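Computed over heavy atoms, backbone and side chain alike; hydrogens, waters and symmetry mates excluded. It should be emphasised that the depicted structure is a prediction, and the values quoted were computed from it without experimental measurement.
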Amino acid sequence: MKIGYDAKRLFHNASGLGNYSRDLLGILTAHLPQHDYLLFSRSMSEKGEKLLNHPAVTFTPLRGRFLSRQLTMGLQAAGLKCDIFHGLSGELPLRWGNQNVKKVVTIHDLIFERYPAYYSWFDRKIHKAKFRHAAQTADVVVAISEQTKADIIHYLKIPESKIRVIYQGCSHLYKESYSEATKEAVRQQYALPPSFVLNVGTIEERKNGLALVKALKGTAIPLVFIGKEKKYAESIHRFIAENGMTGQVIFLKNVSNPHLAVIYQLARVFAYPSVYEGFGIPVIEALYSGTPVITNGRGVFPEAGGPASRYVQAEDHQSIRSALTDLWENEALRAEMAVKGREYAARFDDDKIAAAWADLYNSLR
């Protein structure tokens with residue numbers, strides 16, 4: 001089959017939707033190399049370089065400039081006789097011509113509906129219009145979790161029969177075992193303490209980093225944040241300064257994926273008290289890394305973290321503190337959680353994800 005993709009995020013997003021796009025195409029080209037994969041984008045970047053080296057992958061530049069993703073991408077896919085077009089980030093083009101192109105869209109979350117206070121009025125309206133159009137246009141809507149599937153049914157009024165849940169995987173980097181020499185080199189490069197709690201992701205209100213800092217107040221447990229700082233981070237820096245925690249909390253950004261994978265394995269505990277996610281890929285990265293996970297007990301998190309993770313009330317820093325101090329001191333429990341966490345993460349292995357996508361694409365022939 002010839003399958004087209006909206007590859008804007010694949011080429012131009014460093015994390016999040018970009019990682020999802022690159023990881024998925026990496027899995028598909030490795031496990032289903034018999035298909036032709038067309039990546040539609042106005043421009044390419046080094047982020048897609050590895051994929052473009054694969055013989056089954058072709059970069060297809062979009063025609064025109066203004067609203068080309070909305071107005072010309074579907075027409076180009078039809079003109080090139082794509083059998084399937086896959087919107088990787090909740091969007092599908094508006095125009096398709098007369099060709100019968102089967103349409104798939106992945107919807108990652110509807111956080112703007114569940115927690116509208118995190119978004120401006122304008123952004124909520126734009127997101128909902130795009131997602132609703134894509135879900136109504138698509139032959140199949142893919143949700144990345146059962147939680148997102150429930151949200152699609154509730155907020156977009158899409159029938160359950162039209163929705164499939166296919167989990168996302170994560171980079172092979174998090175599944176590797178790194179030598180002690182490599183770990184020590186990364187530790188020294190980033191001036192990391194011998195042991196620490198790790199949190200990964202954009203530092204914004206929904207991720208709830210302030211509750212994590214409050215949980216560690218009065219302890220000697222170091223905390224490392226890795227992620228882009230939004231305005232919300234100012235409240236965390238202020239609390240740290242006011243409570244004498246400056247030397248206890250480390251902020252890193254622009255960490256390469258290979259180094260991030262090593263840092264996951266250096267961490268004693270991974271703490272992710274996010275209020276809400278569509279899936280929570282850092283939880284999966286931590287499980288593959290053999291790092292015990294503490295996360296929110298509601299929403300998608302038990303689905304991502306499985307029975308071996310430790311669950312807390314995300315808004316209650318005392319609940320987080322209790323879990324952190326317990327795990328920090330209990331080496332045997334951490335070792336048990338690491339083994340069971342890796343076992344649970346096997347459901348997100350590449351071969352299982354590839355098989356699910358093969359079944360979906362074949363059903364659209």
Colleague: Measure across Ala211 and Ala314 and return the closest heavy-atom pair with its distance rounded to 0.1 Å.
Modeller: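 So the minimum-distance heavy-atom pair works out to CB-O, 3.8 Å.
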Colleague: How far apart are the closest heavy atoms of Phe112 and Asp109, and which atoms are they?
Modeller: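 Closest approach of Phe112 to Asp109, heavy atoms only: CE2-O, 4.4 Å.
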Colleague: Does atom NZ of Lys157 have more than 12 heavy-atom neighbours, drawn from other residues, nucleotides or ligands, at distances under 6.0 Å?
Modeller: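 Count over threshold, so yes.
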Colleague: Could you please spell out the steps behind the salt bridge (Lys or Arg N to Asp or Glu O under 4.0 Å) verdict for Glu315 and Arg298?
Modeller: CA-CA 11 Å; Glu315 296 86 353; Arg298 298 196 303 270; 3.1 Å; yes
Colleague: Mind checking ring-ring contact (aromatic ring centres under 6.0 Å, His included) for His108 and listing every partner two or more places apart, or none if nothing turns up?
Modeller: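 Testing His108 for ring-ring contact (aromatic ring centres under 6.0 Å, His included), a comparison that skips the adjacent residues, returns Tyr20.
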Colleague: So with a 6.0 Å cut-off around NZ of Lys50, is the heavy-atom count from everything else above 12?
Modeller: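 Check fails, neighbour count at 12 or below.
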Colleague: Mark yes or no for whether Asp23, through its side chain, and Cys170, through its backbone, hold a donor-acceptor pair below 3.5 Å.
Modeller: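 No, Asp23 side chain to Cys170 backbone: no donor-acceptor pair under 3.5 Å.
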Colleague: With sequence neighbours left out, write down each residue that passes salt bridge (charged side-chain N to carboxylate O under 4.0 Å, His left out) with Glu46, or none if nothing qualifies.
Modeller: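 Salt bridge (charged side-chain N to carboxylate O under 4.0 Å, His left out) list for Glu46, sorted by chain: empty.
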Colleague: Can a donor-acceptor pair be found, under 3.5 Å and without considering hydrogens, that links the side chain of Lys81 to the backbone of Ala78?
Modeller: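 A pair under 3.5 Å: no.
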Colleague: Within a reach of under 6.0 Å around CG of Asn362, are more than 12 heavy atoms found that belong to other residues, nucleotides or ligands?
Modeller: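 Atom CG in Asn362 is crowded, with more than 12 foreign heavy atoms closer than 6.0 Å.
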Colleague: For Phe279, which residues count as a ring-ring contact (aromatic ring centres under 6.0 Å, His included) partner, sequence neighbours excluded?
Modeller: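 Per chain and number, Phe279 pairs via ring-ring contact (aromatic ring centres under 6.0 Å, His included) with Tyr167, Phe348.
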Colleague: CD of Glu113 to CZ of Arg124: how many Å apart, nearest 0.5 Å?
Modeller: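 If we round to the nearest 0.5 Å, Glu113:CD and Arg124:CZ are 8.5 Å apart.
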Colleague: Strictly by side-chain hydrogen bond (donor to acceptor under 3.5 Å, both in side chains), give each pair with a member in residues 26-45 just once, sequence neighbours left out.
Modeller: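 Every side-chain hydrogen bond (donor to acceptor under 3.5 Å, both in side chains) pair that includes a residue of residues 26-45, provided the two are not neighbours, is His12-Ser43.
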Colleague: Enumerate the ring pair (Phe, Tyr, Trp, His ring centres under 6.0 Å) contacts for residues 298-343, please, sequence neighbours excluded, ordered by first and then second residue.
Modeller: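 Passing the test, one end in residues 298-343: no pairs.
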Colleague: Test your reading of the model: is there a side-chain donor-acceptor pair from Thr137 to the backbone of Ala134, 3.5 Å cut-off?
Modeller: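 Answer holds: no.
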Colleague: Please identify each residue that fulfils salt bridge (charged side-chain N to carboxylate O under 4.0 Å, His left out) with Asp83, with sequence neighbours left out.
Modeller: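 Testing Asp83 for salt bridge (charged side-chain N to carboxylate O under 4.0 Å, His left out), a comparison that skips the adjacent residues, returns none.
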Colleague: Quick one, Lys162 with Val140, criterion side-chain contact (heavy atoms from CB on, under 4.5 Å). Give me CA distance, side-chain angles, the key distance, then yes/no.
Modeller: CA-CA 5 Å; Lys162 191 176 178 178; Val140 179; 5.8 Å; no
Colleague: Spell out, yes or no, whether Leu10 and Leu32 are grouped together once hydrophobic residues are joined by side-chain heavy atoms under 4.5 Å, including indirect joins.
Modeller: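 Yes, Leu10 connects to Leu32 through the hydrophobic network.
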Colleague: Evaluate side-chain contact (heavy atoms from CB on, under 4.5 Å) for Ile320 paired with Gln313, printing each intermediate quantity in order.
Modeller: CA-CA 7 Å; Ile320 301 170; Gln313 300 175 45; over 6 Å; no
Colleague: Within a strict 4.5 Å, meaning less than it, do heavy atoms of the Ile263 and Val255 side chains meet?
Modeller: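 In contact.
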Colleague: Does this structure show an ion pair linking Asp326 with Arg310, if we count only N-O contacts that are shorter than 4.0 Å?
Modeller: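 Yes, charged N to carboxylate O under 4.0 Å.
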Colleague: On a heavy-atom basis, which atom in Asn199 and which in Tyr272 lie closest, and how many Å separate them?
Modeller: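 Smallest heavy-atom distance, with atoms named: ND2-CA, 4.0 Å.
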Colleague: Start with the C-alpha distance between Glu331 and Arg268, add both sets of side-chain angles, then the distance that settles salt bridge (Lys or Arg N to Asp or Glu O under 4.0 Å), and finish with yes or no.
Modeller: CA-CA 9 Å; Glu331 183 177 356; Arg268 185 180 289 196; over 6 Å; no
Colleague: Which pairs, with at least one residue in residues 173-202 and sequence neighbours excluded, count as a ring pair (Phe, Tyr, Trp, His ring centres under 6.0 Å)?
Modeller: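 For residues 173-202, and leaving out neighbouring residues, the ring pair (Phe, Tyr, Trp, His ring centres under 6.0 Å) pairs sorted by first residue read Tyr174-Tyr264, Tyr190-His259.
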Colleague: Does this structure show an ion pair linking Glu204 with Lys228, if we count only N-O contacts that are shorter than 4.0 Å?
Modeller: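 Salt bridge absent between Glu204 and Lys228.
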Colleague: I'd like to know if Lys149 and Glu160 make a salt bridge, using a cut-off of under 4.0 Å between side-chain N and carboxylate O.
Modeller: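 Yes, Lys149 and Glu160 are salt-bridged.
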Colleague: Can a salt bridge be assigned to the pair Glu234 and Arg238 using a cut-off of 4.0 Å between side-chain N and carboxylate O?
Modeller: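 Salt bridge absent between Glu234 and Arg238.
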Colleague: Check whether any side-chain heavy atom of Val101 lies under 4.5 Å from a side-chain heavy atom of Ile84, and answer yes or no.
Modeller: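 Side chain of Val101 against side chain of Ile84, heavy atoms only: no contact under 4.5 Å found.
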Colleague: List the residues meeting salt bridge (charged side-chain N to carboxylate O under 4.0 Å, His left out) with Glu184, not counting sequence neighbours, and say none if there are none.
Modeller: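 Expected list: Arg187.
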Colleague: For His237, enumerate each residue passing the ring-ring contact (aromatic ring centres under 6.0 Å, His included) test, keeping only those at least two apart in sequence or located in another chain.
Modeller: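 For His237 the ring-ring contact (aromatic ring centres under 6.0 Å, His included) partners, ignoring immediate neighbours, are Phe251.
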Colleague: Test side-chain contact (heavy atoms from CB on, under 4.5 Å) on Glu285 and Thr291 and set out the steps.
Modeller: CA-CA 9 Å; Glu285 293 169 347; Thr291 303; over 6 Å; no
Colleague: Has the side chain of Arg9 got a donor or acceptor atom that lies under 3.5 Å from a matching backbone atom of Leu88?
Modeller: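 It does not hold such a pair.
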Colleague: Counting distance only, does the side-chain N/O of Thr219 pair as donor-acceptor with the main-chain N or O of Leu216 below 3.5 Å?
Modeller: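 Answer holds: yes.
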Colleague: Between the main-chain N or O of Leu80 and the side-chain N or O of Lys2, is there a donor-acceptor pair closer than 3.5 Å?
Modeller: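 Yes, Lys2 side chain to Leu80 backbone: donor-acceptor pair under 3.5 Å.
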Colleague: Anything under 3.5 Å between a donor and an acceptor, one on a side chain of residues 350-357, the other on a protein residue two or more places apart or in another chain? List them.
Modeller:
from: Asp350; atom 1: OD1; to: Lys175; atom 2: NZ; distance (Å): 3.1
from: Lys352; atom 1: NZ; to: Ala346; atom 2: O; distance (Å): 3.4

Colleague: Taking only residues two or more places apart in sequence or in another chain, which ones pass salt bridge (charged side-chain N to carboxylate O under 4.0 Å, His left out) with Asp359?
Modeller: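 So Asp359 forms a salt bridge (charged side-chain N to carboxylate O under 4.0 Å, His left out) with Arg164.
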Colleague: To check you understand the geometry: which heavy-atom pair defines the closest contact between Gly97 and Leu75, and what is its length?
Modeller: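 Closest approach of Gly97 to Leu75: N-CD2, 3.2 Å.
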Colleague: Hey, are the side chains of Ile158 and Ile153 touching, using non-hydrogen atoms and a 4.5 Å cut-off?
Modeller: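 Result no, sub-4.5 Å side-chain heavy-atom pair not found.
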Colleague: Can you label the angle between the His127 ring and the Tyr119 ring as parallel, tilted or perpendicular, going by 30° and 60°?
Modeller: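 Plane angle over 60°, so perpendicular.
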Colleague: Without swapping roles, check the side chain of Gln76 against the backbone of Pro61 for a donor-acceptor pair under 3.5 Å.
Modeller: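 Confirmed, Gln76 side chain pairs with Pro61 backbone.
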Colleague: Got a donor-acceptor contact below 3.5 angstrom from the Ser322 side chain to the Gln318 backbone?
Modeller: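 Checking the backbone N and O of Gln318 against the side chain of Ser322, no donor-acceptor pair under 3.5 Å is found.
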Colleague: Quick one: closest heavy-atom pair of Leu324 and Ala215, and the distance?
Modeller: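 So the minimum-distance heavy-atom pair works out to CD1-CB, 4.4 Å.
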Colleague: Other than Phe122, which residues form its hydrophobic cluster under the rule that side-chain heavy atoms must be closer than 4.5 Å?
Modeller: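 Cluster partners of Phe122: Trp121, Ile126.
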Colleague: Nearest 0.5 Å, what's the NZ-CD distance between Lys103 and Gln136?
Modeller: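 One gets 13.5 Å once the value is rounded to the nearest 0.5 Å.
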Colleague: Please determine whether a side-chain nitrogen of the Lys or Arg among Arg347 and Glu303 lies less than 4.0 Å from a carboxylate oxygen of the Asp or Glu.
Modeller: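 No, no charged N to carboxylate O under 4.0 Å.
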Colleague: Below 30° counts as parallel, above 60° as perpendicular, anything between as tilted: where do the rings of Phe85 and Phe40 land?
Modeller: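 Phe85 vs Phe40 ring planes: tilted.
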Colleague: Look at Lys207 together with Glu277 and state whether they make a salt bridge at an N to O cut-off of under 4.0 Å.
Modeller: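 Looking at Glu277 together with Lys207, the answer is yes, because their closest N to O distance falls below 4.0 Å.
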Colleague: Please name the pair of heavy atoms, one in Ser68 and one in Leu62, separated by the smallest distance, quoted to 0.1 Å.
Modeller: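 Distance-wise, the nearest heavy atoms are OG-CD1, 3.7 Å.
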Colleague: Between the side chain of Thr148 and the main-chain N/O of Gly278, is any donor-acceptor distance below 3.5 Å?
Modeller: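 Yes.
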Colleague: Applying side-chain contact (heavy atoms from CB on, under 4.5 Å) to Lys230 and Ile203, what does each step give before you reach the verdict?
Modeller: CA-CA 6 Å; Lys230 296 290 187 71; Ile203 304 174; over 6 Å; no
Colleague: Would you say that more than 12 heavy atoms from the other residues, nucleotides or ligands in this model lie under 6.0 Å from the NZ of Lys47, or not?
Modeller: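 Counting other residues, nucleotides and ligands, NZ of Lys47 exceeds 12 neighbours.
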